[in-house]
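We're numbering straight along the sequence, starting at 1. Values below: all heavy atoms of this structure, side chains included; hydrogens, waters and symmetry mates excluded. Bear in mind that the values here come from a model prediction, so they are computed numbers and not experimental data.
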Amino acid sequence: MSEALVTVGEPPPPTSRGRRMARYLSGKLGGGLVSLFMVAVLGFFLFRVMPGDPVRTMTHGAPVTAQQIAVLRERFGLDQPLWKQFLDFLGNLLRGDLGTSYTYSRPVGELILERIGPTVLLVGTATVIAVLLGLWMGSRAAWRHGEAFDKTSTSIALTLWSVPTFWLGLIVLMAFGVGVGPIPGLFPVGGISSPDTPPELLPQVLDVAHHLVLPTLTLVAVIYAEYLMVMRSSLLEEMGEDYLTTARAKGLREDLVRRRHAVPNALLPTVTLIFLRLGLVVAGAITVETVFSWPGLGLLTYEALRVPDLPLLQGIFIVLAGSVVVMNVLAELLYRVLDPRVRES
């Protein structure tokens with residue numbers, strides 16, 4: 001009986017843990033692949049229900065005949081049955097071919113690669129600033145729970161979080177770009193660079209950074225509140241734990257107790273949230289890029305919607321929605337690495 005108890009109490013052998021890990025990985029990756037397939041299906045049919053005929057829109061105001069319109073529809077494959085268009089779309093997608101843009105007459109993949117750099121720059125900069133600001137303010141708000149800093153910071157964050165992004169962008173644009181009253185505009189109102197900037201590296205970098213300020217400020221103001229609230233809630237749960245009382249009993253200052261003990265244990269939900277929200281932030285930059293004429297995927301999406309340019313819209317949708325799926329899978333895997341309780345289950 002005692003031998004049986006010892007056997008039960010022993011940790012599982014490495015092979016058993018390896019099998020569990022393999023099952024976990026295969027399950028998450030399989031779910032991710034299914035989600036990507038659903039993204040492809042949704043990306044095809046979603047834009048087929050949009051009102052408007054792409055060929056009619058592109059030829060609007062031009063002296064074209066019905067025969068020329070029929071030739072264009074055949075060229076773009078719009079004369080085929082919907083199921084045939086869908087099968088062709090899936091076949092091309094499996095080969096990495098996102099189609100050819102109606103508007104630009106160029107491969108969609110090339111257009112996305114050209115525009116993804118500015119979007120990554122904007123979203124990456126805004127996410128880093130929002131995470132650092134949210135973690136710092138959330139930890140201090142929780143540590144000073146009920147005080148003026150806590151009430152003020154959470155009220156401002158929740159107010160900015162609830163404001164429509166395009167409206168906030170317009171306010172920021174008018175206040176700091178155009179200028180208000182005697183206060184002149186301090187930053188460019190659109191674009192990523194100025195045409196008269198010297199070709200040297202340092203002036204180019206400074207010019208891009210100057211143009212980056214307003215769209216980054218708008219995006220940070222919208223997204224940092226979520227990190228603040230999650231960090232605040234997590235730290236409030238940790239503040240009553242016994243290990244903090246033990247740390248105080250050892251004579252550690254409150255600042256050290258917060259930074260060395262409470263904050264690291266409260267970081268887990270926020271770290272996973274960063275990955276979960278990163279893909280959504282990329283998709284949410286569409287409004288900001290449109291307001292500030294930032295030449296990224298968001299502005300490209302707006303331009304494609306005006307036609308509508310179906311292959312371009314499908315390609316952008318698949319890239320943006322696919323990034324959300326990939327980030328969700330990475331968050332699930334990271335959570336298992338960071339939390340021993342999940343790892344041993």
Exercise. Hey, does L36 have a side-chain heavy atom less than 4.5 Å from the side chain of I318?
Worked result: no
Problem set entry | Point-to-point distance, once rounded to the nearest 0.5 Å, from CG of L212 to CG of L206 | 12.0 Å
Exercise. Within the side chain of E289, is there an N or O that forms a donor-acceptor pair under 3.5 Å with the backbone of L297?
Worked result: yes
Problem set entry | Same apolar cluster (I L V M F W Y, side chains within < 4.5 Å links), L214/V120 | yes
Exercise. Within the side chain of T197, is there an N or O that forms a donor-acceptor pair under 3.5 Å with the backbone of S194?
Worked result: yes
Exercise. Is V189 linked to L186 within one hydrophobic cluster, defined over Ile, Leu, Val, Met, Phe, Trp and Tyr using a side-chain heavy-atom separation of less than 4.5 Å?
Worked result: yes
Problem set entry | Polar side-chain atom of S101 near backbone of Y104 as donor-acceptor pair, under 3.5 Å | yes
Problem set entry | Backbone N/O of Y102 and side chain of D309: donor-acceptor pair under 3.5 Å | yes
Exercise. Between W167 and Y302, is there a shared hydrophobic cluster once you connect ILVMFWY residues whose side-chain heavy atoms come closer than 4.5 Å?
Worked result: no
For this session: Taking only Lys NZ, Arg NE, NH1 and NH2, and the carboxylate oxygens of Asp or Glu, determine whether E114 and R106 approach each other closer than 4.0 Å.
Result: yes
For this session: May I ask you to decide if T159's main-chain N or O and S162's side chain share a donor-acceptor pair within less than 3.5 Å?
Result: yes
Problem set entry | Heavy-atom pair with the smallest gap, counting every atom of A157 and A225 | O-CB, 3.2 Å
Problem set entry | Exercise: identify the closest heavy-atom pair between M231 and G134 | CB-O, 4.4 Å
Exercise. What distance do T127 atom OG1 and L132 atom CG have between them, rounded to the nearest 0.5 Å?
Worked result: 10.5 Å
Problem set entry | Minimal non-hydrogen separation, G298 against T119, with atom names | N-OG1, 4.3 Å
Exercise. In terms of the angle between their ring planes, are F176 and F187 parallel, tilted or perpendicular, with boundaries placed at 30° and 60°?
Worked result: perpendicular
For this session: Might you point out which heavy atoms bring A126 and I223 nearest each other, and give the distance in Å?
Result: O-CD1, 4.1 Å
Exercise. Can any side-chain N or O of S233 pair as donor or acceptor with the backbone N or O of M229 at less than 3.5 Å?
Worked result: no
For this session: Rounded to the nearest 0.5 Å, what's the gap from CZ on F37 to CG on L93? Could you check?
Result: 10.0 Å
Exercise. Do L299 and F317 share a hydrophobic cluster, counting only Ile, Leu, Val, Met, Phe, Trp and Tyr and linking them when any side-chain heavy atoms are less than 4.5 Å apart?
Worked result: no
Problem set entry | V222 vs L160, side chain to side chain contact (heavy atoms under 4.5 Å, CB included): CA-CA, chis, key distance, verdict | CA-CA 6 Å; V222 173; L160 292 174; over 6 Å; no
Exercise. Is the shortest heavy-atom distance from the side chain of V291 to the side chain of T218 under 4.5 Å?
Worked result: no
Exercise. Should the pair R115-E303 be classified as a salt bridge under the 4.0 Å nitrogen-to-oxygen rule?
Worked result: yes
Exercise. Among the clusters formed by ILVMFWY side chains lying less than 4.5 Å apart, do V205 and L121 turn up in the same one?
Worked result: no
For this session: Would you sort out whether T100 and V108 count as a side chain to side chain contact (heavy atoms under 4.5 Å, CB included), showing the intermediate values?
Result: CA-CA 5 Å; T100 302; V108 171; 5.9 Å; no
Exercise. Do T154 and L228 touch side chain to side chain, with heavy atoms closer than 4.5 Å?
Worked result: yes
Exercise. Hey, is the main chain of P203 close enough, under 3.5 Å, to the side chain of D207 for a donor-acceptor pair?
Worked result: no
Problem set entry | W161 side chain near L158 side chain, heavy-atom distance below 4.5 Å | yes
For this session: Give, for atom CD1 of I116 and atom CG of L300, the distance between the pair rounded to the nearest 0.5 Å.
Result: 11.0 Å
Exercise. Can you tell me how far CG of L305 sits from OG1 of T290, rounded to the nearest 0.5 angstrom?
Worked result: 9.0 Å
Exercise. Just how far is it from atom CG of L168 to atom CG of L173, taken to the nearest 0.5 Å?
Worked result: 11.0 Å
Problem set entry | D150 with R232: basic N within carboxylate O range, under 4.0 Å | yes
Exercise. So L310 and F89, side chain to side chain contact (heavy atoms under 4.5 Å, CB included) or not? Walk me through it.
Worked result: CA-CA 11 Å; L310 297 182; F89 168 72; over 6 Å; no
For this session: For side-chain hydrogen bond (donor to acceptor under 3.5 Å, both in side chains), just list the numbers for Q204 and S193, CA-CA rounded to whole Å, side-chain angles, deciding distance to a tenth of an Å, and then say yes or no.
Result: CA-CA 8 Å; Q204 290 285 339; S193 62; 5.4 Å; no
For this session: Apply side chain to side chain contact (heavy atoms under 4.5 Å, CB included) to the pair W294 and L122, showing each step before the final yes or no.
Result: CA-CA 9 Å; W294 187 259; L122 172 61; 3.8 Å; yes
Exercise. Any idea which heavy atoms bring L90 and A40 closest together, and the distance?
Worked result: CD2-CB, 4.3 Å
Problem set entry | Exercise: identify the closest heavy-atom pair between P295 and G191 | CD-C, 4.3 Å
Exercise. Any side-chain heavy atom of M137 within less than 4.5 Å of one from Y224?
Worked result: yes
For this session: Assign the ring pair F86 / F45 to parallel, tilted or perpendicular, where the plane angle (0 to 90°) is split at 30° and 60°.
Result: tilted
